[in-house]
Structure formats: structure tokens, C-alpha cells
Amino acid sequence: MYWLMKSEPNVFSIEDLRKYTLTPWDGVRNYQARNYMRDQMKIGDLAFFYHSNANPSGITGIAKVIREGYPDHTAFDPENVHYDPKSDLKKPAWFMVDVEFVKVARSLITLERLKKIPELKDMLLLRHGRLSVQPVTLQQWQIILKLPEWE
DNA sequence: GCCAACGTTGGC
DNA sequence: GCCAACGTTGGC
């Protein structure tokens with residue numbers, strides 16, 4: 001499957017992703033996003049890396065899933081900002097995947113630009129803006145990959 | 001910094 | 001199980 005994963009660049013940017021051989025996608029505390037990571041993301045799946053809360057916001061690169069859903073340990077640690085007392089080792093509430101850097105776009109594919117492409121009008125990104133991990137259809141993936149911003 | 005959209009919590 | 005209050009996301 002194909003995906004879109006959001007990150008605020010002032011917290012974790014595509015350049016941070018590029019720096020590490022492995023990035024645990026921790027801290028997601030939304031059930032729908034959790035379910036995608038726990039149940040549906042598979043090794044080798046590709047995801048658009050989206051910069052949110054940026055100016056401008058948009059797709060900036062591609063990441064690859066290299067480990068499938070496993071418990072997000074940051075939920076167990078009271079010192080961690082993502083701590084959640086509802087989650088523990090015996091019955092973890094939150095899950096994450098590991099991803100790695102694949103590529104960065106030559107220039108940002110802005111949200112404004114995506115909105116102008118009629119074939120993308122049903123993209124979850126444009127309909128349910130707040131979901132931080134979301135599926136992308138094959139058709140949407142291909143349309144976006146053909147944009148000149150990648151070269 | 002504002003605020004609309006939307007997810008979560010908790011009283012009843 | 002409803003729904004008001006509240007919190008968060010994220011574009012602008």
C-alpha cells in the first residue's frame with residue numbers, strides 16, 4: 001500500500017529523516033492512524049513525507065516502511081511528552097512502525113498545488129486534513145509521482 | 001495567533 | 001448512548 005505521513009518540520013523534517021538509517025514513527029496518539037500502523041503498513045510500503053504546520057506545507061519526499069507495527073514505548077515513559085497511562089507493556093494502546101529515508105523532492109509540492117489537481121480532490125489529505133498517517137491510492141500516488149517537482 | 005474542524009472525555 | 005465541553009491539529 002501507499003501512505004502519507006505528516007511531520008512538522010520544526011520537530012522532525014525530511015532532513016532529519018535523511019540523517020538516520022532508521023526512524024521509529026513514535027508519538028502518534030490517534031486511533032485511526034494507530035490502526036493503520038498496527039494493522040496495515042507492511043515492510044516495503046512507501047509513504048509521501050508531508051511537512052505540516054510549515055510555510056508552506058506540502059509533500060517534500062518519500063519514506064519507506066522497514067519495520068511493521070510494534071508497541072510505541074514512549075507511551076510507557078512518564079517522563080516522555082507522549083506518555084499515556086492507559087498504555088502498558090502487557091496491553092499496549094499505541095503502536096508505531098520504523099521508516100527510512102528514500103528521497104527528497106527537488107522542490108516542495110505544496111498543499112495549494114495539490115488542491116488544484118482535479119484527480120486528487122478525494123485525497124484524504126484534502127478531505128480529512130487532520131489525520132497524520134493516511135492511505136494514498138495507487139492512482140493518487142502515480143499522479144503525484146509524475147509531478148515535475150521530483151526531478 | 002486565530003479559529004474551524006474534528007477527536008476525546010466525562011457527566012448524566 | 002447522547003452530547004456539551006474541552007483539547008488538538010493545522011491552514012492561514
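Labels below follow one simple rule: chain letters A, B, ... track the order of the sequence lines, proteins then strands, and each chain is numbered from 1. Note that this is a predicted model, so its numbers are computed, not measured.
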Residues 99-110 of chain A, side-chain donor-acceptor partners within the protein, below 3.5 Å, at least two apart:
residue : atom : partner : partner atom : Å
R106(A) : NE   : E151(A) : O            : 2.1
R106(A) : NH2  : P148(A) : O            : 3.2
T110(A) : OG1  : R113(A) : N            : 3.1

Subject >> Residue whose nearest DNA chain B nucleotide is more 5′ - N53(A) or K86(A) >> reply: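 It is N53(A) whose nearest nucleotide is closer to the 5' end.
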Original post:
Listed by chain and number, what are the side chain to side chain contact (heavy atoms under 4.5 Å, CB included) partners of A75(A), not counting sequence neighbours?
Top reply: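 For A75(A), the residues satisfying side chain to side chain contact (heavy atoms under 4.5 Å, CB included) (neighbours in sequence not counted) are R29(A), D84(A), S87(A), W94(A).
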Subject >> Span of DNA chain C in contact with chain A (heavy atoms, under 4.0 Å) >> reply: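 Under 4.0 Å from chain A, the extent on DNA chain C is dG7(C) to dC12(C).
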**OP:** Count the heavy atoms belonging to other residues, nucleotides or ligands that lie under 6.0 Å from NZ of K42(A), then report whether that count exceeds 12.
**Re:**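 More than 12 heavy atoms, drawn from other residues, nucleotides or ligands, come within 6.0 Å of this atom.
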Original post:
Got a sec: does the CG of N10(A) have more than 12 other heavy atoms crowding it under 6.0 Å?
Top reply: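 Result for CG/N10(A): enclosed.
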Subject >> Salt-bridge present (E112(A), K115(A); N to O < 4.0 Å) >> reply: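 No, E112(A) and K115(A) are not salt-bridged.
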